[in-house]
Amino acid sequence: MRTRELVWDDEMIRIHGRGVAPRDYTAVLDWVHPEDRARLEANVQHSLTSGIFEDLEYRVLRPDGGVMWVFARGKALRGEDGQVTRLLGGVLDISERRRSEEALRASEERYRTSIAALEEGIVLQSRDGTIHTCNASAERLLGLTRDQMLGRTSLDPRWRAVHEDGAPFPGHTHPSITTLMSGEPRSG
């Protein structure tokens with residue numbers, strides 16, 4: 001820590017897209033995405049004062065203009081006097097994982113937007129019938145709020161469902177429950 005010298009292996013150099021290791025820690029900060037620099041610096045300073053290195057994900061700017069996500073894990077080493085003398089650690093390239101997560105988030109957002117726009121009432125239930133979400137049309141059609149539906153099933157006796165003619169509609173005959181039990185589509 002006194003010399004602020006860095007020692008990198010070939011894999012660290014490859015991940016950062018540089019032909020050589022940086023001369024010191026301040027040079028590394030220039031390679032970190034501007035939005036992540038303060039967080040990385042705070043993490044390093046915390047490690048130096050507390051002796052605890054917390055895992056961190058941040059972006060690295062490569063000389064070819066690319067951006068790479070890395071996961072850093074390390075350990076603070078102390079000298080005989082108890083002071084942190086060095087930080088030992090490494091990074092993993094997690095760019096592909098981050099791209100996959102972002103694609104999944106975008107897909108889920110498109111799904112939520114599409115379902116929300118439908119006039120049809122949509123209720124999403126798990127295999128055991130538990131309701132996990134619904135759209136606004138389902139709330140309107142069923143006369144129940146989302147909060148009143150979440151975590152329940154069509155078997156919930158508090159709902160007292162009835163057929164159009166007013167006859168009782170036992171939960172075990174509800175189309176969603178019979179579909180979940182049989183695997184066959186139902187309507188009604």
Asker: Any heavy-atom pair between the side chains of Leu104 and Ser100 that's under 4.5 Å?
Answerer: no
Asker: For the residue pair Arg14 and Arg62, what are the closest heavy atoms and their distance?
Answerer: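 Scanning both residues, the minimum pair turns out to be O-NH1, 3.3 Å.
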Asker: Any donor-acceptor pair under 3.5 Å linking the side chain of Ser137 with the backbone of Leu118?
Answerer: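 Yes, because the side chain of Ser137 sits within donor-acceptor range (under 3.5 Å) of the backbone of Leu118.
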Asker: Hey, is the main chain of Met12 close enough, under 3.5 Å, to the side chain of His16 for a donor-acceptor pair?
Answerer: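 Here the side-chain-to-backbone pair exists.
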Asker: With sequence neighbours excluded, tell me which residues meet salt bridge (Lys or Arg N to Asp or Glu O under 4.0 Å) with Arg105.
Answerer: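 By the salt bridge (Lys or Arg N to Asp or Glu O under 4.0 Å) rule, Arg105 matches Glu102.
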Asker: Would you say His174's side chain and Ser176's backbone share a donor-acceptor pair under 3.5 angstrom?
Answerer: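 Looks like yes, one N/O pair under 3.5 Å.
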Asker: Please name all residues satisfying salt bridge (Lys or Arg N to Asp or Glu O under 4.0 Å) with Asp156, sequence neighbours left out, ordered by chain then number.
Answerer: Arg152, Arg158
Asker: Between Thr179 and Glu184 (side chain of the first, backbone of the second, donor and acceptor by atom type, cut-off under 3.5 Å), is there such a pair?
Answerer: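 Between the backbone of Glu184 and the side chain of Thr179 there is a qualifying donor-acceptor contact (under 3.5 Å).
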Asker: Should we count CG of Asp30 as having more than 12 external heavy atoms under 6.0 Å?
Answerer: yes
Asker: side-chain contact (heavy atoms from CB on, under 4.5 Å) between Trp8 and Val28: does it pass, once the steps are laid out?
Answerer: CA-CA 11 Å; Trp8 278 15; Val28 173; 3.8 Å; yes
Asker: Using the test salt bridge (Lys or Arg N to Asp or Glu O under 4.0 Å), find all partners of Arg110 that sit at least two apart in sequence or belong to another chain.
Answerer: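 Salt bridge (Lys or Arg N to Asp or Glu O under 4.0 Å) list for Arg110, sorted by chain: empty.
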Asker: Take Ile115 and Thr133 through the test side-chain contact (heavy atoms from CB on, under 4.5 Å) and record every step on the way to the result.
Answerer: CA-CA 11 Å; Ile115 296 299; Thr133 192; over 6 Å; no
Asker: Take Leu48 and Leu87, measure what side-chain contact (heavy atoms from CB on, under 4.5 Å) needs, and give me the verdict at the end.
Answerer: CA-CA 8 Å; Leu48 294 175; Leu87 296 176; 4.2 Å; yes
Asker: If the condition is salt bridge (Lys or Arg N to Asp or Glu O under 4.0 Å), which residues does Glu41 pass it with, not counting sequence neighbours?
Answerer: none
Asker: Which residue pairs pass the side-chain hydrogen bond (donor to acceptor under 3.5 Å, both in side chains) test with at least one member in residues 66-87, sequence neighbours excluded?
Answerer: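 Checked against side-chain hydrogen bond (donor to acceptor under 3.5 Å, both in side chains) - neighbours excluded - the pairs reaching residues 66-87 are Asp55-Arg73.
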Asker: Between Asn135 and Ala138, which heavy-atom pair has the shortest distance, and what is it?
Answerer: OD1-N, 2.9 Å
Asker: Between Ser50 and Ile52, which heavy-atom pair has the shortest distance, and what is it?
Answerer: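 Where Ser50 meets Ile52 most closely, the heavy atoms are OG-N, 3.0 Å.
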Asker: Does a side chain donor of either Thr145 or Asp147 reach within less than 3.5 Å of an acceptor in the other side chain?
Answerer: no
Asker: For the CD atom on Glu119, are there more than 12 heavy atoms of other groups (residues, nucleotides or ligands in this structure) within a distance under 6.0 Å?
Answerer: no
Asker: Can you sort out the partners of Arg97 under side chain to side chain contact (heavy atoms under 4.5 Å, CB included), two or more places apart, ordered by chain and number?
Answerer: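 By the side chain to side chain contact (heavy atoms under 4.5 Å, CB included) rule, Arg97 matches Glu57, Ile94, Glu101.
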Asker: Please walk me through it: do Tyr58 and His33 pass ring-ring contact (aromatic ring centres under 6.0 Å, His included)?
Answerer: CA-CA 8 Å; Tyr58 62 93; His33 193 284; over 10 Å; no
Asker: Let's go through Ile15 and Val70 carefully: what are the C-alpha distance in whole Å and the side-chain angles of both, what is the deciding distance for side-chain contact (heavy atoms from CB on, under 4.5 Å) to 0.1 Å, and is it a yes or a no?
Answerer: CA-CA 8 Å; Ile15 286 174; Val70 296; 3.7 Å; yes
